[in-house]
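Just so it is clear, the model here is predicted, and its values are computed rather than measured. Only this structure's heavy atoms are used, side chains among them; waters, hydrogens and symmetry mates stay out. Per chain, numbering begins at 1; letters A, B, ... match sequence-line order.
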Amino acid sequence: MIYRSVLRGFALMITSPGVLLTFWLASILMALPAGFLLSESLQADLGSSQIQENLRSGFDMDWYSEFSHRAEGLGETFRPDRVVGIGPLLDNLESWSNGNLFANHRGLVALAAIHALAWAVLLGGALGSFARPGGSSSAENFLALCGRYCFRLVRLALVSAPLYYGVYRLSGWLLERVASMSRDATREIPIFVATLLATLAIAALLHLIRMVFDYAKIILVTEERRSALGAALSGLRFVASHPVKTSSIYGIFGLVSLLLLVAFGALSPGVGQETIGGVLAVLAFGQLYLIAKIFTRLSSLAGQMEAYRWSERR
Amino acid sequence: MLLIPRRMMVLAWATAFWSIALSALEPPLPQRSPRNANYTIDVSLDTETRILSGRQILSWRNIQQQATDELWFHLYWNGWRNNRSTWLLEDRIRGRSTAGKNLSEEDWSYLTISSVKVRGLLPVVDESVAGVADQPGAPPLSEDSPQQLAPAPKPTIDLSTELKFMAPDDGNSEDRTVAMLQLPFQVEPGQSLEVEMEWTARVPRTFARTGTKGSFYFIAHWFPKLGVFEGDSWNCHQFHSATEFYSDYGNYDVRITVPAPFVVGATGRLVEKTLGSDGSATHRYTQNDVHGFAWTASPDYREHTGRFDEPGYPPVELRLLLQPEHEDQAERHFEATRTALKYYGSWYGPYPYQQLTIVDPAYGSGAGGMEYPTLFTSGTRWLNPAGGGSPEGVTIHEAGHQFWYGVVGNNEFEHAWLDEGLNTFSTARAYEAAYGDRKFVQRYLSLPGRGRGFLPWLFPELAQGRTVFGNRLDRYRRSGVRNRQSRPTYLYYPASASSTSYHRTSLWLATLERFIGWDSLQEILSTFYQRWSFRHPRPENFFSIANEVSGRDLDWFFDQVHGSSVDFDYAIGRVSTTPLKFEGYSGAETDLRYEGREEESSQDAPEKIFRSEVVVERRADGVFPVEVLMIFEDGSEVRRSWDGRNRWQLLVEERASKLTQVKVDPERILVLDLDVTNNSHQVDSGAALPSHKWASRWMFWLQDFLHTVTFFL
């Protein structure tokens, strides 16, 4: 059943390239204007300077130390560790784990909110499509499903928000406790282990909440529920009554995401692209990773939907 | 855990069942100091109450030409007595208020003197030593020169009530970091006296790299320490947040009593270890010709020994006290220390002492990265990838302070740049020579208030070279308020003081290196080192040596980098390179010919001439002579020199080739230039590709960020 659900999840996504493409387009369309703005900002900073040669063949930390001193707006979020290798992924993982996603990038809150809204809208379409026999749907139907479920999903997100907020508050409290308990500790390893365990516990809680709300989304769509709170409670009941199955499916998709991250780290290109072809290749590599990430996320929802329906049928 | 009464201590020594004498006397140094401030100290540490109980005998000789009837003492630990001390008030300006530290009663410190006795005046015992501090190049003295105080009648005078707190720098009545002892007699030039003191001090939770955390103790600047009598007055500043220390050289003989399981490290060499019957151990350390004494104790240290035994250098015994979790980094610490001893030794002069102790402080103790005579603290993390600059950078820097601070003992209250700046420059140079560029490391998974994260990730593609990062141009640029370096350091704006002392100096030394050449700068520094070993140089001593050795008058440079706070920025302003089409009349006065645009297309038109105009600008107040390099399409190059004085300079070239590139200061001689991006101009700008390249990579980060946010949906 677990593997069947996982495989069904992947299969559904493989047969829904349009859905995948839509999500990816949403991502890149949101990011492109910001990317162009940053490019303009970099170009303005470089002007006609020959430093551009260094940036063409690699990254120039000397220039960056000047640029960061002058940077404003989006430019302030441009950091070498966010543009080289696995750095961008580690940076976001770090911000996610410590709840600093918005603290770190206040200027990007509006963009993130719009993207999140778009994601919620599209998610309605995706889940609606998965719920339909055969799992696919025409563009027209997809858009109709987007409209049908988006407000319910937004309501559900609002229901989940206090829980996530509570977990991050708990995280802050927990890490403060670790810090204060280790005030007189003279060794790093025990404090590191305590910090790591606290962070893993918080991450586990976050994932548990998301898993519950994944099923809530599925219930909201498959059972045409209107009450977000009711769907959330149903999701909780389902997870509580099928702990092994739900966590196994979630875990397998989580493992795939982790493997993707490792693969990205291992394969991520260097910094020496000097031609537009090279630049585009790196861009394509990154987009491929993002597509794979979106694919895995949507597959997990499809897989969980399959598991839920199978359980309900029984 | 242990409070050891003095009687017990004496008994313990007397009935010691285990005693080792490692060395009766310190081996002679190639040179020696005036040795006019010598200390014999007995100190015991009660680890339960964090109290140090001390008794010390100071033997001081007046080596100046003036008499004095005062003695001024530093009581550094009173800087953390309360939050009204000058040190803590200044620390607030640096953004480090005590308010958020949750300090409890035992975390504050104090130093109280309960008894002061002066044992009368003694005759001059060593005429040859008197005044040595004022005589550059004084011949080395042999170890057996009579520097010990001759036996003499010692009428003891109790002056316990004569100590007065002074605040010579800011008049802060709450500051008790300086005390003056009024003597009932004059100490004439060449005369000596002994001062016996009994005192008690509470070890603070670490401030300024001094104090305790858990069972780790780092004890520095801990005893009543005499200021420096200079000319006809005492140089004894209050303790300031952004400055360090200043003392005369002398011989130290210190007995440290701690619980027996504690491993002790200290300035100098262990000459005796005695176990007491009460579970204590007394460690006796001695060191001649130093201007301070620090020690550390912890039951956790793992001791490693090594040796610096490079051909052509005097051998040095290395002792490394490591935290258990850093044992796999022992060789990295040794290697970095050897790097400093080797390069500084070859550039400036050999390390004169026979031992050096490296202390790896406890995690989060805040004691790392500090220099003391023949001992320093480094600082590392459990996970520290090779190539990232740590712990090698800090180890080289602090080991390097044995030369700049230890051997050349400038006044750090007034001219901190003389050791910090010279050492920062030297560290960058030595690091580069031994390890190349360091690589950028980002650390993840951090704990609130505990600094950088536990998990490091090294980015091999992100190299941080010596010019900018070694000399700390990046930090200097951000330091905000500028200070005129020639002001006394303790009067610098506290938040940017280190930038002025460390970074500005390192940058102007790097500039000087490129301007006059390394050979010349190295000769300046080695001459300075050799002439001022075991003495107290002032800035003018450095500058006069620089002029003398280089054979140039560099005052124009020092006046700017030291005597003012100017910044430097040369830039390429407007650039044009266009065909120069002749239009108008030409020919003899009687045979004027008009040439118009239409002639351009004629078959016999002369070769096209391009007029290239470049405006080079001086955008900051600092003046420095620069070269301007113009490169033309046919590969030809033209170099022009500009004295850099005016605000701008127009350079014009007419030739049959277009100008393609122009650079001011193409070899980057002026490392002090704050904006290097504007130093060059490429006529056909290709900034679009690199901008798109890095913006697209940033866009990927942004997309992943947006996707991360959708986790919650």
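The shortest side-chain heavy-atom distance between A/L38 and B/W694 does not fall under the 4.5 Å cut-off. Residues B/F711 and A/L101 form no side-chain contact, since every pair of their non-hydrogen atoms from C-beta on lies 4.5 Å or further apart. The shortest side-chain heavy-atom distance between A/F102 and B/V709 falls under the 4.5 Å cut-off. Annotation: side chain of B/Q442 is not in contact with side chain of A/P80 (no heavy-atom distance under 4.5 Å).
Residue B/P361 does not touch chain A at all, counting heavy-atom pairs closer than 4.5 Å. In this structure, no portion of A/I209 lies under 4.5 Å from any heavy atom of chain B. Residue contact with chain A, scored on non-hydrogen atoms closer than 4.5 Å, is absent for B/I572. In this structure, chain B has heavy atoms under 4.5 Å from both the backbone and the side chain of A/K293. In this structure, chain A has no heavy atom under 4.5 Å from any part of B/R475. The contact between A/Q43 and chain B is made by backbone and side chain atoms together, counting heavy-atom distances below 4.5 Å. Interface remark: B/T212 contributes no atoms to any contact with chain A (heavy atom separation under 4.5 Å). For A/S182, the parts lying under 4.5 angstrom from a heavy atom of chain B are both the backbone and the side chain. Contacts of A/L280 with chain B are absent, with no heavy-atom separation under 4.5 Å from either backbone or side chain. Contact of A/A194 with chain B is not made at all, since no heavy-atom distance falls under 4.5 Å. The parts of A/L196 that come within reach of chain B are both its backbone and its side chain, each placing non-hydrogen atoms under 4.5 angstrom from that chain. With a 4.5 angstrom heavy-atom cutoff, B/L706 touches chain A via backbone and side-chain atoms both. With a 4.5 Å cut-off on non-hydrogen atoms, B/Y444 touches chain A through its backbone and its side chain both. Neither the backbone nor the side chain of A/L37 comes within contact range of chain B; no heavy atom of the residue lies under 4.5 Å from a heavy atom of that chain. Contacts between A/L153 and chain B at a heavy-atom distance below 4.5 Å are absent for every atom of the residue. With a threshold of 4.5 angstrom between heavy atoms, B/V575 does not approach chain A through any atom at all.
Of all heavy-atom pairs spanning B/G686 and A/R56, the tightest one is O-NH2, 3.1 Å. Contact record, A/H69 with B/R478: N-NH2, 3.7 Å, taken as the closest heavy-atom pair. Taking every heavy atom of both residues into account, B/Q323 and A/T186 meet most closely at OE1-O, 4.1 Å. Considering all non-hydrogen atoms of both residues, A/R187 and B/R302 come closest at NH2-NH2, 4.5 Å. When all heavy atoms of B/S685 and A/G47 are compared, the closest pair comes out as OG-O, 3.2 Å. Scanning both residues, B/H707 and A/H115, for their nearest heavy atoms gives N-CE1, 4.2 Å.
With B/K693 contributing its side chain and A/E274 its backbone, the two residues share no donor-acceptor pair below 3.5 Å. Put simply, the side chain of A/N92 gets close to the backbone of B/W701: a donor and an acceptor are under 3.5 Å apart. The main-chain N or O of B/P690 is never found under 3.5 Å from a side-chain atom of A/Q52 such that the two would form a donor-acceptor pair. Remark: the backbone N or O of B/T710 is not paired with any side-chain donor or acceptor of A/R297 at under 3.5 angstrom. When atom types are taken as modelled, the side chain of A/Q50 and the backbone of B/K663 share no donor-acceptor pair closer than 3.5 angstrom.
Annotation: maximal heavy-atom pairing with chain A below 4.5 Å, among B/D474, B/L702, B/L689, occurs at B/L689. Of the listed residues B/S696, B/A688, B/S365, the one with more heavy-atom pairs under 4.5 angstrom with chain A than any other is B/A688.
Salt-bridge annotation for B/R443 and A/D81: absent, with no side-chain N of the basic residue lying under 4.0 Å from a carboxylate O of the acidic one.
Judged purely by distance below 3.5 Å, without hydrogens or angles, the side chains of B/S691 and A/S39 never pair a donor atom with an acceptor atom.
Taking the six-membered ring wherever Trp is involved, the centroid distance between the rings of B/F700 and A/F264 falls below 6.0 Å.
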Start with the C-alpha distance between B/Q682 and A/E53, add both sets of side-chain angles, then the distance that settles side-chain hydrogen bond (donor to acceptor under 3.5 Å, both in side chains), and finish with yes or no.
CA-CA 10 Å; B/Q682 198 154 304; A/E53 297 295 337; 3.0 Å; yes
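Residues of residues 457-466 of chain B lying within less than 4.5 angstrom of chain A, judged on heavy atoms, are B/W457, B/F459, B/E461, B/L462, B/A463, B/Q464 in numerical order.
Distance OG1/B/T677 to CZ/A/F67: 10.0 Å, rounded to 0.5 Å.
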